[in-house]
Amino acid sequence: MSTHSLEDRFQSRVDNEEKIEPRDWMPDAYRKTLVRQISQHAHSEIVGMLPEGNWITRAPSLKRKLALLAKIQDEAGHGLYLYSAAETLGVSRDEMLDQLHTGKAKYSSIFNYPTLTWADIGAIGWLVDGAAIMNQVPLCRASYGPYARAMVRVCKEESFHQRQGYDILLTMCQGSEEQKEMVQDAVNRWWWPSLMMFGPNDDASPNSAQSLKWKIKRFSNDELRQKFVDATVPQAEILGIQLPDPLLQYNEARGHYDFGPIDWEEFFQVVAGNGPCNKERLAARVKAHEEGAWVREAATAYAEKQKNKVVSSASVA
Amino acid sequence: MKDWPLYEVFIRSKNGLNHKHVGSLHAADPQMAIQNARDVYTRRNEGVSIWVVEANHITSSNPDDAEALYDPAMDKIYRHPTFYELPDALKHM
């Protein structure tokens with residue numbers, strides 16, 4: 001069968017909402033797009049643990065500490081689900097980790113911003129996880145089976161993350177004036193980077209159309225960003241804080257909130273490695289990986305020894 | 001992680017149900033695979049029992065053979081109870 005007709009058949013399967021499974025024929029570009037997207041997503045989960053890990057030892061109560069630990073542990077799990085999904089496409093875990101550690105692979109640029117106060121942990125849960133959920137829910141219907149299944153698990157767990165963050169902010173907003181100011185300051189810093197998480201505007205996002213056609217994506221970047229803004233404004237009102245955008249206003253005719261222009265120069269600078277914490281995040285990952293090497297070696301040696309024991313006792317019997 | 005094999009993980013969500021495939025992970029040995037599966041796949045009461053099996057011990061059918069393997073079942077409607085017409089007078093069978 002010619003490549004052309006294979007591609008036609010593949011596309012018609014996708015059009016019919018059939019899932020594509022690892023051993024099915026797929027176009028090379030589909031495979032490459034998925035490997036890039038899923039591994040970036042996995043890296044984001046792993047690097048995303050770092051800004052929050054910064055606050056585990058300083059959480060204001062045992063309850064907050066337990067919840068934060070549980071959230072961060074979930075993120076390690078999400079990274080694992082996603083790495084496993086990417087591996088079904090023929091890329092090895094080592095290759096992916098290597099690409100992250102050498103800076104070849106990207107991760108979500110949001111994690112290159114610092115967490116300065118406890119309110120930042122609340123703002124991350126509310127805004128960053130909120131934006132992530134908006135992105136991730138449609139991915140549960142992605143055409144590639146292992147990715148869609150991983151995302152179902154991720155989404156199930158993610159909803160507690162957002163509530164955990166919102167609950168932190170709600171409590172602080174009912175507290176002292178200083179605590180409320182702390183929330184406002186954190187939201188001022190996280191709002192715009194959260195909007196950037198959806199990626200460039202549609203007219204500047206050349207690969208989006210193909211991903212939509214392959215049903216990897218279900219909505220465009222701008223559609224998802226708009227949904228996020230519409231969902232978030234009423235939540236900000238309940239907190240009693242201002243979102244830092246003077247142009248933010250409900251548009252009766254559109255039935256959506258209008259919002260101001262995004263500073264894409266900042267976004268591309270952070271993606272290019274010039275954000276406030278890019279170097280620190282990567283260095284922390286590399287350090288953890290290198291300092292964990294002896295543990296991995298010891299586990300391998302132990303497994304080897306156990307295997308030999310089984311063999312020798314079997315030969316005695 | 002170069003030498004750590006891939007394990008497929010199966011979870012029984014409660015007694016009376018089959019173990020069901022939930023995902024995979026790398027581990028140095030089967031015990032570690034069980035421990036990691038417990039940490040990753042059963043954090044919210046998802047299971048009461050775990051199976052792990054090294055992925056390279058699984059033999060799977062080839063998707064290209066799907067037609068040959070599964071299509072013949074389509075024209076064997078006589079395998080289904082609805083193929084057989086019963087008299088209206090018969091109330092239960």
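Worth knowing before you read on, the calculation uses all heavy atoms, side chains too, and leaves out hydrogens, waters and symmetry mates. The sequence lines fix the lettering, A, B, ..., with proteins before strands; numbering per chain opens at 1.
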Under the side chain to side chain contact (heavy atoms under 4.5 Å, CB included) rule, what do A:Thr115 and A:Trp55 come out as? Steps first, then yes or no, please.
CA-CA 8 Å; A:Thr115 42; A:Trp55 278 91; 3.7 Å; yes
More than 12 heavy atoms of other residues, nucleotides or ligands under 6.0 Å from CG of A:Asn16: yes or no?
yes
I'd like to know whether CZ of B:Arg44 has more than 12 heavy-atom contacts from other residues, nucleotides or ligands below 6.0 angstrom.
yes
Find the distance between [atom1] ([X]) and [atom2] ([Y]) and round it off to the nearest 0.5 Å.
{"X": "A:Asp167", "Y": "A:Lys63", "atom1": "CG", "atom2": "NZ", "result": "5.5 Å"}
{"X": "B:Thr42", "Y": "B:Ile11", "atom1": "OG1", "atom2": "CD1", "result": "6.0 Å"}
{"X": "A:Leu66", "Y": "A:Lys71", "atom1": "CG", "atom2": "NZ", "result": "15.0 Å"}
{"X": "A:Asp129", "Y": "A:Gln136", "atom1": "CG", "atom2": "CD", "result": "8.5 Å"}

Which residues from residues 81-93 of chain B are near chain A, with near meaning under 4.5 Å between non-hydrogen atoms?
none
Which of residues 54-78 of chain B get closer than 4.5 angstrom to chain A, counting heavy atoms alone?
B:Ser60, B:Ser61, B:Asn62, B:Pro63
Taking a cut-off of under 4.5 angstrom between non-hydrogen atoms, the residues of residues 156-164 of chain A near chain B are A:Glu157, A:Phe160
Write out, in numerical order, the residues from residues 38-46 of chain A with a heavy atom short of 4.5 Å from a heavy atom in chain B.
none
Derivation and outcome, side chain to side chain contact (heavy atoms under 4.5 Å, CB included), residues B:Asp29 and A:Lys305:
CA-CA 11 Å; B:Asp29 58 36; A:Lys305 206 168 140 187; over 6 Å; no
Taking atom types as modelled, find out whether [X] and [Y] have a side-chain donor-acceptor pair closer than 3.5 angstrom.
{"X": "A:Glu290", "Y": "A:His101", "value": "no"}
{"X": "A:Asp15", "Y": "A:Gln11", "value": "yes"}
{"X": "A:Thr300", "Y": "B:Trp4", "value": "yes"}

Can the ring centres of B:Tyr41 and A:Tyr81 be said to be less than 6.0 Å apart?
yes
Taking every non-hydrogen atom, the tightest pair across A:Tyr144 and A:Ile20
CD1-O, 3.3 Å
Most contacts with chain A, counted as non-hydrogen pairs under 4.5 angstrom, among B:Gly23, B:Ser24, B:Pro30
B:Ser24
Pair A:Thr88, A:Tyr147 - check side-chain hydrogen bond (donor to acceptor under 3.5 Å, both in side chains), show working.
CA-CA 9 Å; A:Thr88 64; A:Tyr147 190 26; over 6 Å; no
Checking A:Glu304 against chain B: side chain, backbone, both or neither under 4.5 Å from a heavy atom?
neither
Of the backbone (N, CA, C, O) and the side chain (C-beta and beyond), which part of A:Arg149 lies under 4.5 Å from a heavy atom of chain B, both, or neither?
neither
B:His19/B:Ser49 under side chain to side chain contact (heavy atoms under 4.5 Å, CB included): CA gap, chis, key distance, verdict
CA-CA 8 Å; B:His19 285 76; B:Ser49 167; 2.7 Å; yes
Side chain, backbone, both or neither: which part of B:Glu46 has a heavy atom under 4.5 Å from chain A?
side chain
Closer than 3.5 angstrom, by distance alone: can the side chain of A:Arg141 be matched with the main-chain N or O of A:Arg218 as a donor-acceptor pair?
no
Using atom types as modelled and distance alone, determine if a side-chain donor or acceptor of A:Arg64 lies under 3.5 Å from a backbone N or O of A:Ile56.
no
Basic-acidic side-chain contact under 4.0 Å: A:Arg13, A:Glu7
no
